[in-house]
Amino acid sequence: MDSLELSGPVRERVRSARRVVVFSGAGVSRESGLDTFRGAGGLWERMRPEELATPEAFRADPAKVWRWYAWRWRQASEALPNPAHHAVARLETVFPSYMVVVTQNVDGLHQRAGSRHLLELHGTILRAFCNRCGRTQDMGEAIAGSPEEPPVCSCGGRFRPAVVWFGESLPEDTLAEACEAASSCDLFLSVGTSSTVYPAAGLIELAHRAGACLIEVNPEPTPFSGLMDLRLAAPAGEVLPALADAMERSRCPST
Ligand code: APR
């Protein structure tokens, strides 16, 4: 996308914003070659989450779950951040007073693009932990040591990917900080998420209730599209660099 101009009210809200939340989902990594979960070609269109991403699935067939996450780890490791990730990282300098990236993604691409203030609501695929003593290790090393099934810990437990599975609670401190940020922000940018998985999607409601300016970037509509002050129905990698430019311009007094 060449350039993008923000309209009066949104431009004014962006110009005066002091506390900013960027909320991201799988769509932000689509242009890095990683699958989304829902929608055309999504992982859950082809695979059954109850057989791969639940504690019950890990108990029933640990090797199957481990191999699947090893496959996803390889994909995430071979992927590169795309212009959307880089634009998000850049926004930290556009909004120096306070900006946090709250992501549902476990792929580590926001960090690799340079985002520093990051909350990973659904954990990370880059680490593994023992399901009995909690000891952690690098996922790549765990897979190298045991590609076909989850490594056994010295305590007798099994290592599993450090992601949040369906039916599990989100990391308490991370969720609390994300809720605090959404409830006190004045600009909330939602990128590449279907906004259907809770409690994460509840952050949009918190930001709305806080009176924040809401912006959504997603080629497809979501259940919250009607609440948005600005909706950009385009791929994040195409539109976020232009949006970051427009935001930067709106914050320079001369323009
Ligand atoms: N740019 C922006 N958005 C995109 C792009 C793109 N290039 N490509 C697809 N999308 C949008 C889709 O339209 C969809 O609305 O990204 C969204 C991806 O939605 P989901 O696949 O549901 O992913 P997400 O919202 O992150 O899922 C939430 O569900 O399966 C669990 O734990 C998993 O964190 C995940 C959670």
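Note that the structure is a prediction, hence the values are computed from the model and not measured. All ligand and atom numbering here is 1-based and tracks the order in the structure. Counting from 1, the numbers follow the sequence of the chain as shown.
Remark: the backbone N or O of Glu180 is paired with a side-chain donor or acceptor of Ser184 at under 3.5 angstrom.
The proximity of Arg30 to ligand 1, defined as any non-hydrogen pair under 4.0 Å, is limited to the side chain. Residue-level proximity to ligand 1 for Gln104 is carried by backbone and side chain together, each with a heavy atom below 4.0 angstrom. Heavy atoms of Val197 found under 4.0 angstrom from ligand 1 belong exclusively to the side chain.
Around atom 19 (O) of ligand 1, the closest heavy atom drawn from Ala26, Ser24, Pro49, Ser194 belongs to Ser194.
For the pair Pro81 and His86, the minimum side-chain heavy-atom distance is below 4.5 Å.
Close approach of ligand 1 to Gly25 (heavy-atom distance below 4.0 Å) involves ligand atoms 26 (O). Near Trp44, the atoms of ligand 1 lying under 4.0 angstrom from a non-hydrogen atom of the residue are 30 (O). In summary, the atoms of ligand 1 found under 4.0 Å from a heavy atom of Phe166, numbered by their order in the structure, are 30 (O), 31 (C).
From the protein, the heavy atom lying nearest to atom 18 (C) of ligand 1 is Gly192 O, 3.7 Å. Of the protein's non-hydrogen atoms, the one nearest atom 32 (O) of ligand 1 is His122 ND1, 3.5 Å. Protein heavy atom closest to atom 11 (C) of ligand 1, with residue, atom name and distance, is Asn218 OD1, 3.3 Å. Annotation: atom 35 (C) of ligand 1 to nearest protein heavy atom, Phe37 CE1, 3.6 Å. Regarding atom 1 (N) of ligand 1, its nearest protein heavy-atom neighbour is Ala236 N, 2.9 Å. When hydrogens are left out, the protein atom nearest atom 31 (C) of ligand 1 is Arg38 NH2, 3.5 Å; that is the closest non-hydrogen contact. When only non-hydrogen protein atoms are considered, atom 5 (C) of ligand 1 lies nearest to Gly27 O, 3.5 Å. From the protein, the heavy atom lying nearest to atom 25 (O) of ligand 1 is Thr193 OG1, 2.7 Å.
A cation-pi arrangement is absent between Arg158 and Trp66, since the terminal nitrogen or guanidinium carbon is not both under 6.0 Å from the aromatic centre and inside a 45° cone about the axis. Cation-pi check for Arg72 over Trp68 is met; the charged atom lies under 6.0 angstrom from the ring centroid and within 45 degrees of its normal.
Within the 4.0 Å heavy-atom cutoff, Pro219 counts among the residues contacting ligand 1.
Here CG of Asn131 is found 5.5 Å from CZ of Phe58. Values are rounded to the nearest 0.5 Å.
Ion pairing between Arg59 and Glu51 fails under the 4.0 Å rule for side-chain N and carboxylate O.
Using the six-membered ring where Trp is involved, Phe188 and Phe23 have ring planes that are tilted, between 30° and 60° apart.
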